[in-house]
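To start, the structure itself, in structure tokens.
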Amino acid sequence: ADDTAGVNHGRLTNFADTGMYVAGAAGQPNEALVFDHTLQQYVTVTTPFSASNADFTIAVWLRPTTVGDGSWHGFVGHQEGGTRSPSMWVNHEGGTADAPLGTAGLHWDTRITCIGTFSSDGTCGNPAAVDTTRTTGVIEQFFVADEWRHVVWTKSGTALSWWKGTRTVQDITPMESAGSSELPSEHVDLWNLYDIGRVDNYYSGEIDQVTFFNYALDANDVNALHTSGVGALADSQPEAISDTCKLFTSSANQCGRTGE
């Protein structure tokens, strides 16, 4: 995995030069990026997905400040027109039996549109090869306002799985399985770019340790990532992890390893 500072660049939009970073999720000398949905702040990176049928893992630490306010708050993903790459949101519902006040579900979506190559402007190079199949869902009571959550989403063939981890004052609790689903085919929607802090709308709170892999982590790998960080996992399996691993750094306009 390439987690060197200054290598995995991203473009910051609508951020000031100061007050952008706070203490990170791992309680170490790193920093998390603070987002405000009212300012429409987000980071854009190159897509981490190698092909529309490729397996993947998306891992994110986040602490949302706005939950259950009637609006969706996208924290990773990408939308162009009516199509999306694999994307996740803090769900909109609050004050219901499924989502009590102060909590929110994890909303996810992967919409298939272009089975083939996208042109440089993001449109499908072969409109005849468009497939409108969509797979989406909600995992209820995933987030609590102002509490850190570790979200891990894996795709293996047609199988989708989610994992949830929390952090206590003293220690990191083990990851637990949060849900699963099946795609109608192996394909997912791809775009040339990918966003952190927005999809079709924007996120409020902190985000840290955004990490991508080009294969589906298993339960042991998920827990290793959760408890030890991407560095330890990369050291143990360097040949299996892509060079698209991206983590925040306090250096402006880039996504690289934190604290370096």
Side-chain angles (χ1 to χ4, degrees), residues 22 24-27 32-38 56-77 79 84-111 134-156 159-183 195-211 216-227:
V22 297
L33 190 58
V34 182
F35 294 78
D36 183 342
H37 75 275
T38 67
F56 63 76
T57 297
I58 306 168
V60 188
W61 276 99
L62 68 159
R63 180 163 65 177
T65 56
T66 304
V67 301
D69 65 339
S71 297
W72 285 269
H73 297 285
F75 57 92
V76 290
Q79 176 167 308
R84 292 171 177 153
S85 296
S87 303
M88 292 186 282
W89 295 255
V90 178
N91 200 35
H92 70 293
E93 289 187 329
T96 68
D98 289 333
L101 287 175
T103 72
L106 168 67
H107 174 54
W108 57 271
D109 194 0
T110 177
R111 187 176 299 179
R134 179 188 184 193
T135 306
T136 186
V138 176
I139 303 170
E140 299 290 358
Q141 298 185 38
F142 199 102
F143 299 106
V144 177
D146 298 314
E147 291 189 8
W148 283 105
R149 289 291 183 270
H150 196 190
V151 184
V152 178
W153 180 6
T154 66
K155 174 186 176 293
S156 178
L160 303 176
S161 299
W162 289 264
W163 302 80
K164 178 176 71 172
T166 60
R167 182 172 183 84
T168 65
V169 174
Q170 297 297 326
D171 198 4
I172 298 176
T173 59
M175 296 290 283
E176 63 180 26
S177 177
S180 61
S181 186
E182 288 288 329
L183 288 165
D195 295 322
I196 300 164
R198 76 162 184 177
V199 183
D200 54 336
N201 40 38
Y202 298 85
Y203 167 84
S204 277
E206 297 151 31
I207 297 180
D208 195 12
Q209 304 277 332
V210 182
T211 314
L217 300 184
D218 62 21
N220 291 332
D221 287 342
V222 167
N223 272 284
L225 177 67
H226 180 66
T227 58

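What's counted below: heavy atoms across the whole structure, side chains too, no hydrogens, waters or symmetry copies.
The two atoms that bring Tyr203 and His73 nearest to each other are CA-CB, 3.9 Å, heavy atoms only. Closest approach of Lys155 to Ala216, counting heavy atoms only: O-CB, 3.3 Å. Residues Phe143 and Gly105 share a closest heavy-atom pair of CD1-O, 3.6 Å.
Of the possible polar contacts, none joining the His92 side chain to the Gly68 backbone as a donor-acceptor pair under 3.5 Å is found. The backbone N or O of Trp108 sits less than 3.5 Å from a side-chain atom of Thr136, completing a donor-acceptor pair.
The shortest side-chain heavy-atom distance between Trp72 and Val90 does not fall under the 4.5 Å cut-off. The closest side-chain heavy-atom distance from Met88 to Ile58 is below 4.5 Å. For the pair Glu206 and Trp61, the minimum side-chain heavy-atom distance is 4.5 Å or more. With contacts defined as side-chain heavy-atom distances shorter than 4.5 Å, the pair Leu33/Asp208 does not qualify. Put simply, the side chain of Arg149 does not reach to within 4.5 Å of the side chain of Leu106, judged on heavy atoms. Taking 4.5 Å as the limit, some side-chain heavy atom of Val152 sits within range of a side-chain heavy atom of Thr57. Within the 4.5 Å cutoff, the side chain of Leu225 has no heavy atoms near those of the Gln209 side chain.
Between Trp153 and the choices Phe142, Trp163, Trp162, Phe75, the ring pair (Phe, Tyr, Trp, His ring centres under 6.0 Å) rule is met once, by Trp162.
Within the model, atoms NE2 of His37 and CG of Asn201 stand 9.5 Å from one another, a figure rounded to the nearest 0.5 Å.
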